Amino acid sequence: MMRALLLTDDLRLELGERARPTVKSPHDVLVKIHQTGVCGTDRSVLVGKFSAEPGVVMGHEAVGEVVEIGPEVTALTPGDRVIVNPTLYCGRCDMCLRGQTNFCHDKTGNEIGIDRDGSFADYMVLEDRFLHLIPADVSYDRAVLTEPLACALNNLDAAQIPSAEPVVVIGAGPIGLVCAVAARHLGSAVTLIERDSFRRDHAHKLIDGFFTSGVDVVGAGSDDRPDRAPTVIDTVGNQLGLAIDLVEDAGSVVVMGYDSRAEATVRPLQILQRGLRVTGAGDYRGPHFPRAVELAARLPLERLISHRFTLEEHEDAFAVLAAAPETGYSALKVVIQSAGATE
Ligand SMILES: [Zn+2]
Ligand SMILES: [Zn+2]
């Protein structure tokens, strides 16, 4: 048996026991989970904003160690440190054949931590094609931010940023910060807009001493408004109006934050007359993941981690994330450690 955090019917997490999964298919790999990042989606499930299957083991942003491999696994061996690519896809449907693997038609039953058992547990089994080797000089703490980085790369691609032109990122939560450092690394000057002072301070902890210039962190007041930029990314998900105000004519707005309750009023004429492009890209596609693994090696992403807890301490883990935007945040990236880290 192993420990696992299970979703209850009334949307709580409960520490329970599950049979330890086993290698069944030739391409299966058994991974001993080291740690899993808590994602905004996990919180959304627990507050009823995103639906998941009761009884499922939640968690998807995972890293761990290979314990056992199926007979046809050639690229991995026991002892290897790996990152889980949790956006599974079939590779055969229309969407996959078009390269839009994040919109695979075969999602039902294959969304890790949502309707298929995830990584808030001690072990997990996955096909080898969804596991990536962690480069030798990359820590588990850095590697655990690879999945959010893959999301950032997909959304930066969707933005079609004119070469090294400035980018405004709205929101300095984990996704906003990952987006900002990725855009800066790719050559753009970045302005991060965040109204919460804890998050602004943490943004400085991430950036200072790494980038010597080209990243500004500003509040959300009207005095703080940056110049219009050709690209604006809303990582909050309910800031479309502000994003349209801040984008230059002929520029692009990318909606990236998940907020199932947000609504916005846009004036279509403004989109037309100002030549704006408003777009979304979802999480990430297959090829973004290996790119993110490579890029993570060059970014100090571990600085985003503000808290770590064990599986037993799951209530505390979600409690530090519970603050409403009105009362202020006290956490950034929270990780939950499993057997690989605690045994
Ligand atoms: Zn996630
Ligand atoms: Zn597919």
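As the structure lists them, so they are numbered: ligands from 1, and atoms in each ligand from 1. Predicted model only: the values in this text are computed from it and were never measured.
At least one N/O/S atom of Cys39, whether from backbone or side chain, sits less than 2.8 Å from the Zn ion (ligand 1). Among the backbone and side-chain atoms of Cys90, an N/O/S atom is found under 2.8 Å from the Zn ion (ligand 2). For the Zn ion (ligand 1), the N/O/S atoms of Asp283 include none lying under 2.8 Å.
In summary, the aromatic rings of Tyr89 and Phe130 are positioned with their centroids under 6.0 Å apart. The ring of His132 has its center closer than 6.0 angstrom to the ring center of Phe289.
With no hydrogens or angles considered, a side-chain donor-acceptor pair links Asp141 and Gln35 at under 3.5 Å. In the model, Asp283 has no side-chain atom that pairs as donor or acceptor with a side-chain atom of His288 under 3.5 Å. Between the side chains of Asp10 and Thr8, a donor-acceptor pair is found at a separation under 3.5 Å.
The Zn ion (ligand 2) lies at the vertex of an angle of 120° between the SG atom of Cys104 and the SG atom of Cys93 (rounded to 10°).
Looking at Glu61, its N, O or S atom nearest to the Zn ion (ligand 1) turns out to be OE2.
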